[in-house]
> 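Structure incoming, see below.
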Amino acid sequence: MLPPRSDFPADFTFGAATSAYQIEGSAQGGAGPSHWDTFAATPGNIIDNSNGSRACDHLNLWPQDLDLICDAGFDAYRFSTSWARVMPDGVTVNPEGLDFYDRLVDGMLERGLKPFLTYHHWDLPAALADKGGWQNRDVAAQFADLCTTIHDRLGDRIASAATLNEPWCMAWLSHFLGHHAPGLRDIRAASRAMHHVLLAHSTAMQSLRAAGAKNLGIVLNFETQHPADDSDGARRAADVQDAIYNQWFIRAIMGQGYPEAALEGIGPHLPDRWQDDMATIAQPLDWLGVNYYTRHLNAPAPGLWPNARDVPGPLPKTQMDWEIRPEGLSEFLVRLKTDHTGDLPLYVTENGMAHAEGDLVTADTGRVQFIADHLRACKSAMDQGVDLRGFFYWSLLDNYEWGWGYGPRFGLVHVDYDTMARTPKDSWHAFRRMLTA
Ligand code: FCB
């Protein structure tokens, strides 16, 4: 059972989250190709060789998807706009794309849902990828143009906006580990991307503020990095991963500078005079979004920096093989307040689990437990003084899980990818009982 809503303040926001490429259907509505389309077209990159061309056909089925959010009793919907849909070549506006988001936002308001917009959740136009994508400093200014273009159209009806979703994934996972588009494994490309995504965020913040936008933030992901044993090597491995993953972005944004343990490896490959950008990068936020899923165990790896490798842990795991550790969420919320964000309002903008397809009730028992445990972790952080304002479940629908394709099912609502039929799972009903009691 989920905890009662009365455990949370009356104005605490409960919502469900999705992203454009994962649900809309990228081949429709005049969108241009994104680097995710081309990454997915390369054999071996996606487990089931699938792509987001049809996804959940949300582009056409959005009214029923919004009904599902509203009927569950959620207050808000976190969605993203697709760069490749709004600007198919990265620069020129596709009116059909902006019209779609305009209708979508009106649809939220008609149903009493607060629109929580994320300007960019990874579908970079292929035309910009051709110019180096996040390795190219100019993308920062282009991203700011995208944001103000969307703000001009939607800004009067948006409750809250984030610039980027998970810059660690955009930069490190995509340019160093090679798991996400553009699939590079290159320290120089990754280091440049690590800096330019922050420059893009902050340049967009400046432009959006100048255009009168309110309630602006960014969504960062955090994953606990523990040493696999009590050796010095394992401790060092965990510390360097923590610096890259959990400190790089928030420290720079809060004006605390890049962490030394990450600069050791990344510093030599950063663009010239990167230090000159640090003041720009530290734009004040109105809130911070926290995505939390799991923890890692780190062992030393001899050879090359960062000299760390992941080892499997002993805790129960989700369909993604991610360890389930709810207390990590409260630990991060408290740590953020103590070490970085102070009194800045926080939101959990993503938390959820994938479960293999199965009977929609019994197979979902684990998900209901997962949500209950993570909501209690939120409560515990609030009891410790964290100004947490909301919780968004990832995800409303089963959808395209990037390199994993359509196998992992994160949804509160099951999607039959042949018929596109939506069927609420037990976890959706559990939220409904909690939120409409
Ligand atoms: C996050 C992403 C989201 C989804 C979940 C499972 O890293 O923001 O798109 O893939 O993980």
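For clarity, every value in this text was computed on a predicted model and none was experimentally measured. In each ligand, atom 1 is the first atom listed, and ligand 1 is the first ligand listed. Hydrogens, waters and symmetry mates play no part in the numbers below; they use all other heavy atoms, side chains included.
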> Have a look at ligand 1 and work out which part of His121, if any, has a heavy atom under 4.0 Å from it: side chain, backbone, both or neither.
side chain
> For the pair Asp286 and Arg209, find out whether any cationic side-chain nitrogen is under 4.0 Å from an anionic carboxylate oxygen.
yes
> Closer than 4.0 Å to some heavy atom of Tyr293 - which atoms of ligand 1 meet that?
1 (C), 5 (C), 6 (C), 11 (O)
> I'd like to check which ligand 1 atoms, numbered from 1 as shown, lie under 4.0 Å from a non-hydrogen atom of Phe410.
6 (C)
> Are Asp71 and Arg432 within salt-bridge range, i.e. N to O under 4.0 Å?
no
> Pull out every atom of ligand 1 sitting under 4.0 Å from any heavy atom of Gln22, numbered as shown with elements.
3 (C), 4 (C), 9 (O), 10 (O)
> Does any N or O of ligand 1 fall below 3.5 Å from an N or O anywhere on Trp322, backbone included?
no
> Kindly assign one of parallel, tilted or perpendicular to the pair His121 and Trp402, based on the angle between their ring planes and the thresholds 30° and 60°.
parallel
> Can you find an N or O of Trp122 that's nearer than 3.5 Å to an N or O of ligand 1?
no
> I want to confirm something. Looking only at heavy atoms, which of Glu350, Glu401, Met353 is nearest to atom 2 (C) of ligand 1?
Glu350
> Is any side-chain N of the basic residue among Asp99 and Arg153 closer than 4.0 Å to the acidic one's carboxylate O?
yes
> Before accepting this row, confirm whether a basic side-chain N of the pair Asp75/Arg5 lies closer than 4.0 Å to the acidic partner's carboxylate O.
yes
> Is the Phe143-Trp83 ring centre distance short of 6.0 angstrom?
yes
> Would you call Arg376-Asp373 a salt bridge at under 4.0 Å N-O?
yes
> Please classify the Asn165 to ligand 1 contact at 4.0 Å (heavy-atom distances, strictly less than): side chain, backbone, both or neither.
side chain
> Provide, to 0.1 Å, the distance between atom 7 (O) of ligand 1 and the closest protein heavy atom, together with that atom's residue and name.
Glu166 OE1, 2.5 Å
